[in-house]
Visitor: 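My structure is below; once you've seen it, I'll send some questions.
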Amino acid sequence: MNAPYERLEQLEQEALAALESAMDSGALQEWHRLYLGRKGELTSLLRLVAELPEDERPTFGRAANTLKATLESAYEQRVETVRRQELERELARGALDVTLPGRPLGPGHLHLTTQTLRRIYAIFAEMGFQVYEAPDVETDEFNFELLNMPPHHPARDMWDTFWITDKVLLRTHTSPGQIRVMRERYPEPIRVILPGKCYRYEQITARSEHQFYQVEGLAVGHGIRMSDLIGTLTEFARRLYGPDRRIRIRGSYFPFTEPSVEADMDCILCRGAGCRVCKYSGWLEIAGAGMVHPQVLRNGGYDPDEWSGFAFGMGVERPAMLQYSIDDIRLFYGNDLRFLRQF
Ligand code: PHE
């Protein structure tokens with residue numbers, strides 16, 4: 001084989017090797033200029049044709065053209081590859097990839113507590129109760145004193161308290177709202193519920209959180225009696241848990257009601273027969289309640305000789321736990337979506 005042919009083969013190997021090591025578009029341009037450009041290697045090789053005997057020239061010409069075509073298609077391929085690599089490098093640096101499919105945005109839903117609260121609001125709304133909101137940060141006066149618990153009253157021990165200063169605290173129950181509504185509404189009759197978060201300085205366990213919701217109820221009017229309280233709670237339980245629910249009243253003690261009671265409902269699981277949920281008593285506690293104490297009416301501006309009223313306070317999480325067989329109250333506010341998504 002003679003020199004021009006050898007040169008041709010050499011050039012092919014050299015050019016293809018150089019192409020493989022061209023890593024960016026600048027290097028590719030340079031390569032193209034060097035091998036395929038007007039003053040490039042291939043062009044100068046074609047000039048060697050003149051040195052060949054006449055009858056070999058067509059063969060050499062064809063071989064040179066084949067090489068040109070080979071180099072051009074190798075170049076096109078390499079351009080594609082390098083472009084893709086450049087794009088990948090850019091993406092790796094954090095640039096936006098508009099070709100990525102979007103992330104689905106699932107619709108959210110209401111928290112189980114909010115759902116439960118709204119069911120409670122709807123039922124009491126049908127019975128003529130308005131929703132009234134009172135502050136979470138309360139004073140000793142409203143949380144205790146005006147509810148018949150002067151400083152050092154032993155009943156204060158029923159509520160372990162988060163104190164902010166020695167006169168300011170996080171409400172331990174929604175009952176201070178009773179005084180606020182009365183002072184705002186006097187001399188009108190009252191029928192309200194007061195939902196909200198309560199706070200207790202307690203050990204957190206599966207059964208008790210230090211933050212939880214209550215719904216307070218308050219009715220003040222002329223001639224309101226215990227039977228109105230029992231009727232209201234019975235109607236509420238039936239609308240929330242089914243028409244054949246029964247309510248039981250037990251004597252109890254709260255400083256701000258007289259008489260005071262505890263209201264139970266027959267167990268939603270065993271319907272009174274006794275089971276694990278009701279601890280084999282057949283009954284579930286739903287509210288602390290009673291007739292508003294005369295002194296509390298007076299503190300709210302209502303004369304107890306003319307006015308009377310009932311009040312109740314019920315938990316929100318516990319009934320939801322019973323309904324859905326949730327065995328740990330901490331799940332409510334643990335922000336674990338696997339739990340929350342179920343409701
Ligand atoms: N505030 C009481 C509690 O937290 C419940 C209650 C409210 C009792 C209204 C009587 C009347 O335990």
Side-chain angles (χ1 to χ4, degrees), residues 110-121 124 131-184 192-218 252-257 260 262-263 285-290 292-293 296 299-300 311-322 326-336 339-340 343:
L110 296 176
H111 190 280
L112 175 56
T113 302
T114 310
Q115 292 179 36
T116 311
L117 279 168
R118 290 193 179 181
R119 254 175 246 146
I120 295 172
Y121 300 163
F124 282 112
V131 176
Y132 186 103
E133 293 205 31
D136 289 30
V137 179
E138 266 296 3
T139 56
D140 182 276
E141 190 187 13
F142 278 81
N143 196 82
F144 290 125
E145 288 168 39
L146 294 170
L147 294 175
N148 254 349
M149 283 175 278
H152 311 298
H153 192 290
R156 286 184 173 219
D157 288 352
M158 291 164 74
W159 299 277
D160 300 303
T161 308
F162 281 111
W163 293 94
I164 292 170
T165 69
D166 57 0
K167 288 281 166 213
V168 180
L169 47 78
L170 296 178
R171 66 173 169 202
T172 59
H173 52 174
T174 43
S175 299
Q178 291 185 30
I179 305 287
R180 295 190 177 276
V181 182
M182 285 192 272
R183 291 191 174 177
E184 197 175 300
V192 294
I193 53 170
L194 297 122
K197 222 178 208 182
C198 302
Y199 307 80
R200 290 190 194 166
Y201 184 53
E202 274 173 15
Q203 180 94 20
I204 298 170
T205 67
R207 289 189 54 77
S208 68
E209 258 288 1
H210 63 191
Q211 298 182 37
F212 55 93
Y213 279 82
Q214 278 190 344
V215 174
E216 189 89 3
L218 175 69
S252 186
Y253 173 74
F254 299 101
F256 37 91
T257 43
S260 299
E262 207 78 57
E285 237 179 78
I286 61 164
V292 182
H293 192 288
V296 172
N299 291 344
F312 58 82
M314 58 175 71
V316 176
E317 290 88 352
R318 194 133 308 144
M321 289 171 76
L322 292 171
I326 300 164
D327 58 7
D328 193 330
I329 193 171
R330 291 170 291 198
L331 290 166
F332 279 72
Y333 308 113
N335 291 335
D336 187 335
F339 170 76
L340 296 173
F343 307 101

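In this chain, residues are counted from 1 in sequence order.
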Visitor: Return the set of residues passing ring-ring contact (aromatic ring centres under 6.0 Å, His included) with Y199 (not counting sequence neighbours), or none when no residue passes.
Guide: none
Visitor: When you compare the side chain of V131 with that of P195, does any pair of heavy atoms fall below 4.5 Å?
Guide: yes
Visitor: Please check if atom CD in E202 has more than 12 non-hydrogen atoms from other residues, nucleotides or ligands closer than 6.0 Å.
Guide: yes
Visitor: Sequence neighbours left out, what pairs pass salt bridge (Lys or Arg N to Asp or Glu O under 4.0 Å) with at least one residue falling in residues 153-164?
Guide: D140-R156
Visitor: Taking the side chain as every heavy atom from C-beta outward, state whether L218 and M182 have any atom pair closer than 4.5 Å.
Guide: yes
Visitor: Is a side-chain donor or acceptor of R200 paired with a backbone partner of H173 at a separation under 3.5 angstrom?
Guide: no
Visitor: Is it the case that the side chain of T161 and the backbone of W159 share a donor-acceptor pair, with hydrogens and angles ignored and the cut-off at 3.5 Å?
Guide: yes
Visitor: Between CZ of F343 and OG1 of T113, what distance do you get to the nearest 0.5 Å?
Guide: 10.0 Å
Visitor: Decide side-chain contact (heavy atoms from CB on, under 4.5 Å) for L170 and V137; before the verdict, give the C-alpha distance in whole Å, the side-chain angles of both, and the deciding distance to 0.1 Å.
Guide: CA-CA 5 Å; L170 296 178; V137 179; 4.0 Å; yes
Visitor: Please answer whether the main-chain N or O of I286 pairs with a side-chain N or O of R318 as donor and acceptor at a distance below 3.5 Å.
Guide: no
Visitor: Is the number of heavy atoms from other residues, nucleotides or ligands within 6.0 Å of OH (Y253) greater than 12?
Guide: yes
Visitor: Can you tell me how far the OH atom of Y132 sits from the OG1 atom of T174, to the nearest 0.5 Å?
Guide: 13.0 Å
Visitor: Please confirm whether the backbone N or O of L110 pairs with a side-chain atom of R118, one donor and one acceptor, at under 3.5 Å?
Guide: no
Visitor: Do V316 and V215 have side chains that get closer than 4.5 Å, going by heavy atoms?
Guide: yes
Visitor: I'd like to know if R180 pairs up with E138 as an ion pair, taking the criterion as any Lys NZ or Arg NE/NH1/NH2 lying under 4.0 Å from an Asp or Glu carboxylate oxygen.
Guide: yes
Visitor: Is there a side-chain contact between F254 and M158 (heavy atoms, below 4.5 Å)?
Guide: yes
Visitor: Taking the side chain as every heavy atom from C-beta outward, state whether T139 and K167 have any pair of such atoms under 4.5 Å apart.
Guide: no
Visitor: Is the number of heavy atoms from other residues, nucleotides or ligands under 6.0 Å of R207 CZ greater than 12?
Guide: no
Visitor: Pairing donors with acceptors under 3.5 angstrom, does anything connect the side chains of E216 and S175?
Guide: yes
Visitor: Would you give the length of the straight line joining atom CD of E209 to atom CG of D328, rounded to the nearest 0.5 angstrom?
Guide: 8.5 Å
Visitor: F144: which residues meet the ring-ring contact (aromatic ring centres under 6.0 Å, His included) condition with it, sequence neighbours left out?
Guide: none
Visitor: Work out which heavy atom in G196 is nearest to a heavy atom in R171; give both atom names and the distance.
Guide: CA-NH2, 3.2 Å
Visitor: Among residues at least two apart in sequence or on other chains, which ones pass side-chain contact (heavy atoms from CB on, under 4.5 Å) with P154?
Guide: none
Visitor: Can you find a pair of side-chain heavy atoms, one from L147 and one from P255, that are under 4.5 Å apart?
Guide: no
Visitor: Closest heavy-atom contact between A287 and M314?
Guide: CB-CB, 4.0 Å
Visitor: Please name all residues satisfying ring-ring contact (aromatic ring centres under 6.0 Å, His included) with H293, sequence neighbours left out, ordered by chain then number.
Guide: none
Visitor: Nearest 0.5 angstrom please: L322 CG to D327 CG, how far?
Guide: 11.5 Å
Visitor: For a quick test of reading the model, state the closest non-hydrogen atom pair linking A134 to L194 and the distance between them.
Guide: CB-CD2, 4.3 Å
Visitor: Would you compute the distance between atom CG of L340 and atom NE2 of H111 and round it to the nearest 0.5 angstrom?
Guide: 4.5 Å
Visitor: The criterion is side chain to side chain donor-acceptor pair (under 3.5 Å); which residues satisfy it with E317, sequence neighbours excluded?
Guide: Y333
Visitor: Determine the minimum heavy-atom distance between Q214 and C198, stating which atoms define it.
Guide: OE1-SG, 3.7 Å
Visitor: Check whether any side-chain N or O of N143 sits under 3.5 Å from a backbone N or O of T172 as a donor-acceptor pair, and report yes or no.
Guide: yes
